[in-house]
Structures are given as structure tokens and as C-alpha cells.
Amino acid sequence: MTTSTNGKFDRTPLIAGNWKMNMDHVQGITLLQKLAWTLKDAQHDYNRVEVAIFPPFTDLRSVQTLIKGDKLDVEYGAQDLSPKDSGAYTGDISGQFLSKLGCKYVLVGHSERRTVHGESDELLNEKLKAAYRNDLVPVLCVGEGLEVRQSGKHVAHTLEQVRSDLAGLDAEQVSALVIAYEPIWAIGTGEVAGPADAQEMCSAIRAEIADLYDDSVAAKTRLLYGGSVKAQNAASILKERDVDGVLVGGASLDVTEFANIVRFEHHLVTD
Ligand SMILES: O=C[C@H](O)COP(=O)(O)O
């Protein structure tokens, strides 16, 4: 039944669910439990397609306990971290604490952090370094707003974000990095960038990494697309050569929908 989509899967595809500020810890473990059951019933192979969730900070301990207790193969991460490791930074969360909670990943520079909280590329560069210092794999989010897209400067704009955010990172760090291209105009709006748009940007980001580092680094960095991804459009986006996964917001709160996104290869077979 399962088939390779296009032979690109030397990079393990990553299907990531960003719960944003939804699901308290009780709701969160119910959602995770249902997701794990659904994927178990479907005999999902986590080595073939990795699954990660990004719950609110207050859910992380419960998520860790469930995943450890039930030996689930779902990975998890936080939605943000402080650029500092400890100190008088009221309200901030240290990467040290996230690491201690068993997080594998952390989102950095989600567009809602950039726009609602005014986070700059300089700050995001510090957050990336904090993530690596604490053995967390960052999922760096980049992407343009509607005005930039309409001006036709979306590729230049996004590559500038990539260059600024990665300043000072070494080849090993960037090889492990995940970058999510999320055009702001497509987030939570129902507007989806087409597969060709996702491929255009992911291929430009990969070429930029090859320029900044080398081809072997660019071949390892995983690139995701995010913005109104649903089960119905996931497979066509994931078929693109440089798209290695998706970062899902709204649809990650619906178990059936998210599980179907995780099982995108099966949709390719039946589409
Ligand atoms: O982190 C996820 C993105 O913001 C996409 O959200 P969405 O799938 O609700 O459009």
C-alpha cells in the first residue's frame, strides 16, 4: 500500500502539529492519546514519517509523562524559548527547562511571535543559539506577508530572514535544523500556497543554504511548508521535491484530519 512518493526521502519527512494557544493539559493528553491510537490502528511507521506535536508550555509535563509511560513514538517540542538560559526574565521559559522535559524540538520565530510580539531576526538568532546550547532542534519559521507577496519580493524577503537568523551558526547546526516556510497570508485563512509556491520557496532556501554552507548541509536541512494544510491538500504539497514535511496549525487539533496528514503517502496512492 505504502509507496515512495518521489525518491526524496533520504530526509525523513516531518509532520508537525502546532497547537498554538489551544488545549489545556487535560484536553492535550486526550488529544495525544486519540492520535496515538489512531496511528497505531493504521500501523503507522514513525521511522518512515516522523510525527511531532507542539503543545502549550503548560501541557509539556503531562505530554512527557504520557509519551514515556505508554512508550509512544510521537516527538514533542515547545512553541518558543527564551534567548537566555536562566535569570531575572519573568515569564520567559529557558531551553534548559525544555530539554529537561524531554523536548526534542522548539519552534523559533513563528510568524505569530514575529508579528504579535515583534520578535526581530536578531532576537531569533539568539533564540536559535539558545536552542542548540540546550540540545534542542529548532524549527525556524520564515515567510512573507501579503504585501510582500503581492510586490513579488517574497523570495528575497524570506531569504533575507534565513540569512539573518542563521548568522554565526555552524554547518553541523544547520544540517540538523528544520526550517518551516509559512507565508503569513496563508496561516489560518484557508488560503493555501500551491504546491508550486511551496516548492519555489523551499528550493530557494535550500540553494541559499548551499551558498552559505555547502551542498551536503543543504541536502540534510529539512524544509517544511505551513499555512492552512489539511488532509486534502497535504499530499500534493509533500510530493514536491524540496518539501520535507508540513507544520500544521488548526488541522492538528482534529485527530482524524491530522492522522490523515501524517498518512499522506496513502493519499498519494489513492488520489
Ligand atoms: O504553525 C502553524 C501555522 O501557523 C499554520 O497554521 P494553520 O494550519 O492553522 O494555517
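Just so you know, these numbers come straight off a predicted model, no measurement behind them. In listed order, ligands and their atoms are each counted from 1.
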By side-chain contact (heavy atoms from CB on, under 4.5 Å), which residues pair with Ser203, not counting sequence neighbours?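 So Ser203 forms a side-chain contact (heavy atoms from CB on, under 4.5 Å) with Gln199, Asp242.
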Checking a contact table here: which protein heavy atom is nearest [atom], and how many Å away?
atom                   : value
atom 8 (O) of ligand 1 : Gly249 N, 2.9 Å
atom 2 (C) of ligand 1 : Glu182 OE2, 3.3 Å
atom 6 (O) of ligand 1 : Lys20 NZ, 3.3 Å

Taking the six-membered ring for Trp, are His44 and Tyr46 closer than 6.0 Å centroid to centroid?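 So the answer is yes for these two rings.
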Just which atoms of ligand 1 are under 4.0 Å from any heavy atom in [X]?
X      : result
Asn18  : 1 (O), 2 (C)
Ser228 : 7 (P), 8 (O), 10 (O)
Gly250 : 7 (P), 8 (O), 9 (O)
Gly227 : 5 (C), 10 (O)

If you measure from each heavy atom of Ala251 to ligand 1, is any distance below 4.0 Å?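 Ala251 does not count as a contact of ligand 1 under the 4.0 Å cut-off.
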Under 3.5 Å, which donor-acceptor pairs link side chains of residues 154-169 to any protein atom two or more places apart or in another chain?
| unit_1 | atom_1 | unit_2 | atom_2 | d |
| --- | --- | --- | --- | --- |
| His154 | NE2 | Glu200 | OE1 | 3.2 |
| Thr158 | OG1 | His154 | O | 2.9 |
| Glu160 | OE1 | Arg163 | NH2 | 3.1 |
| Glu160 | OE2 | Ser164 | OG | 3.2 |
| Gln161 | OE1 | Gly143 | N | 2.8 |
| Arg163 | NH1 | Glu208 | OE1 | 3.4 |
| Arg163 | NH1 | Glu208 | OE2 | 2.9 |
| Ser164 | OG | Glu160 | O | 2.9 |
| Asp165 | OD2 | Arg114 | NH2 | 2.9 |

Has Asn233 got a side-chain atom pairing as donor or acceptor with Ser228's backbone, closer than 3.5 angstrom?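 Yes, the answer is positive, given that a donor and an acceptor are paired below the 3.5 Å cut-off.
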Okay, side chain of Asp197, backbone of Gly194: is any donor-acceptor separation there less than 3.5 Å?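 Answer holds: yes.
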Should we say atom NZ of Lys104 is surrounded by more than 12 heavy atoms from elsewhere, each under 6.0 Å from it?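 Yes, NZ of Lys104 has more than 12 neighbouring heavy atoms, counting only those of other groups under 6.0 Å.
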Of the options Ile53, Leu253, Leu107, Val139, which is the one that meets Asn18 in a side chain to side chain contact (heavy atoms under 4.5 Å, CB included)?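 Running side chain to side chain contact (heavy atoms under 4.5 Å, CB included) over Ile53, Leu253, Leu107, Val139 with Asn18 returns exactly one hit, Leu107.
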Could you say whether the N/O atoms of Thr189 and ligand 1 ever approach to under 3.5 Å?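 For ligand 1, there is no N or O atom that lies under 3.5 Å from one belonging to Thr189.
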Quick one: look at Ile187 and ligand 1, take heavy-atom pairs under 4.0 Å, and tell me if it's side chain, backbone, both or neither.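 Both backbone and side chain.
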